[in-house]
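Report on one structure; see the data block that follows.
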Amino acid sequence: MFTRLREDIAAIRQKDPAARSNWEVFTCYPGLHAVMLHRVAHGCWTSGFKWLGRYVSQYARFLTGIEIHPGATLGRRVFIDHGMGVVIGETAVVGDDCTIYQGVTLGGTSLARGAKRHPTLAPGVIVGAGAKVLGGFTVGEGAKIGSNAVVVKAVPAGGTAVGNPARIIRPDTPREDAQAKPNDNARKPEFSAYGITPNADDPVSLAIHGLIENATDQAHKIDVMVAALNQLGAHLEALGASKIDTAELRKLGKEIQDM
């Protein structure tokens with residue numbers, strides 16, 4: 001028990017620069033308190049004391065603002081940062097080294113009793129503030145869920161999900177060194193607070209920006225064509241060309257400009 005507590009405190013100090021001491025983390029971090037009380041509630045639940053497990057979980061909810069069903073499974077070094085409004089359902093599984101921010105819901109969409117209704121977070125998953133992960137699917141190892149995302153289907157390992165409904169915007173890239181050892185930390189991704197990753201733009205946003213840029217480019221080309229036609233009409237008019245109707249050229253230029 002004390003080994004896991006030391007692990008939890010060390011993980012919080014590693015991920016939260018505001019944590020100044022072990023004592024501060026132990027006494028002032030509701031996410032740690034919620035995890036500690038959940039272990040008691042989960043022990044009661046798995047031992048057959050269902051009501052007692054629910055009672056302990058409700059006490060933890062009152063104390064911390066974090067609601068974790070006693071049937072949920074939490075791994076080692078799980079960090080619930082701030083935590084107010086976090087809800088973790090009965091059949092949810094949270095893997096080792098996961099980070100969950102305030103307002104997150106790991107919920108279920110099925111009403112079938114005994115079914116896997118809630119999501120499974122593989123090790124190292126980060127779920128940003130306000131995100132909703134709904135369903136009995138798996139969020140792959142090292143994946144990131146952006147703040148306020150609504151995830152209703154599986155997320156691949158290393159992917160980043162944003163939006164409502166969530167879209168995968170940065171799937172994991174395969175390792176170049178296929179013979180790297182399992183304990184090789186050279187390519188280990190850095191921790192991303194709130195699931196924010198650099199250069200991870202929403203593909204829908206990129207497509208819209210591309211359309212805007214294309215429309216701007218087309219408008220510029222039309223302006224160039226109109227200017228050229230107007231210049232040609234003025235030049236022919238100055239030369240007194242009788243066979244070319246300069247008024248028609250100017251009219252054509254105006255029509256192109258109004259398109």
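Position 1 is the first residue of the sequence, and the numbers go up from there.
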Can you see which heavy atom on [X] is nearest to which on [Y], and at what distance?
{"X": "G140", "Y": "V125", "value": "O-CG2, 3.3 Å"}
{"X": "C28", "Y": "P30", "value": "O-CD, 3.3 Å"}
{"X": "S21", "Y": "E24", "value": "OG-N, 3.1 Å"}
{"X": "I80", "Y": "G83", "value": "CG2-CA, 3.7 Å"}
{"X": "A149", "Y": "A161", "value": "CB-O, 4.0 Å"}
{"X": "V56", "Y": "L37", "value": "CG1-O, 3.7 Å"}

Tell me if a side-chain donor or acceptor on [X] pairs with a main-chain N or O of [Y] at a distance below 3.5 Å.
{"X": "S110", "Y": "A112", "answer": "yes"}
{"X": "T46", "Y": "G43", "answer": "yes"}
{"X": "D96", "Y": "R76", "answer": "yes"}
{"X": "Q218", "Y": "N214", "answer": "no"}
{"X": "H118", "Y": "T91", "answer": "yes"}
{"X": "H38", "Y": "A72", "answer": "yes"}
{"X": "T64", "Y": "I66", "answer": "yes"}

Would you give the length of the straight line joining atom [atom1] of [X] to atom [atom2] of [Y], rounded to the nearest 0.5 angstrom?
{"X": "Q102", "Y": "M84", "atom1": "CD", "atom2": "CE", "value": "10.0 Å"}
{"X": "W23", "Y": "I9", "atom1": "CH2", "atom2": "CD1", "value": "9.5 Å"}
{"X": "H220", "Y": "M225", "atom1": "NE2", "atom2": "CE", "value": "12.5 Å"}
{"X": "K15", "Y": "D97", "atom1": "NZ", "atom2": "CG", "value": "5.5 Å"}
{"X": "C98", "Y": "F79", "atom1": "SG", "atom2": "CZ", "value": "13.0 Å"}
{"X": "L74", "Y": "I68", "atom1": "CG", "atom2": "CD1", "value": "5.0 Å"}

Heavy-atom side-chain contact between [X] and [Y] under 4.5 Å:
{"X": "F2", "Y": "E7", "value": "no"}
{"X": "P119", "Y": "V133", "value": "yes"}
{"X": "I88", "Y": "H69", "value": "no"}
{"X": "I100", "Y": "V86", "value": "yes"}

Is the CZ atom of F137 crowded by more than 12 outside heavy atoms at less than 6.0 Å?
yes

Are I145 and I168 connected into the same hydrophobic cluster when the rule is that any two of I, L, V, M, F, W, Y join if their side-chain heavy atoms are below 4.5 Å apart?
yes

F26 with I12, same ILVMFWY side-chain cluster at under 4.5 Å
yes

For the residue pair D16 / Y29, report whether a side-chain donor-acceptor contact shorter than 3.5 Å exists.
yes

Would you call R39-D8 a salt bridge at under 4.0 Å N-O?
yes

What verdict does the ring pair (Phe, Tyr, Trp, His ring centres under 6.0 Å) test give for Y55 and W51, after you've listed the backbone C-alpha separation in whole Å, the side-chain angles of each residue and the deciding distance to 0.1 Å?
CA-CA 6 Å; Y55 185 82; W51 178 88; 5.2 Å; yes

Could you give me the CA-CA distance, side-chain angles and deciding distance for L134 and V151, then say whether side chain to side chain contact (heavy atoms under 4.5 Å, CB included) is met?
CA-CA 6 Å; L134 308 174; V151 183; over 6 Å; no

Just do the side chain to side chain contact (heavy atoms under 4.5 Å, CB included) check on V224 and I222 with the steps written out, would you?
CA-CA 5 Å; V224 171; I222 290 174; over 6 Å; no

Sequence neighbours excluded, every pair satisfying side-chain hydrogen bond (donor to acceptor under 3.5 Å, both in side chains) that has a member inside residues 119-137:
K116-T120

Sequence neighbours left out, what pairs pass salt bridge (charged side-chain N to carboxylate O under 4.0 Å, His left out) with at least one residue falling in residues 45-64?
R61-E67

When L5 is tested against each of N22, V35, L32 for side chain to side chain contact (heavy atoms under 4.5 Å, CB included), which residue passes?
L32

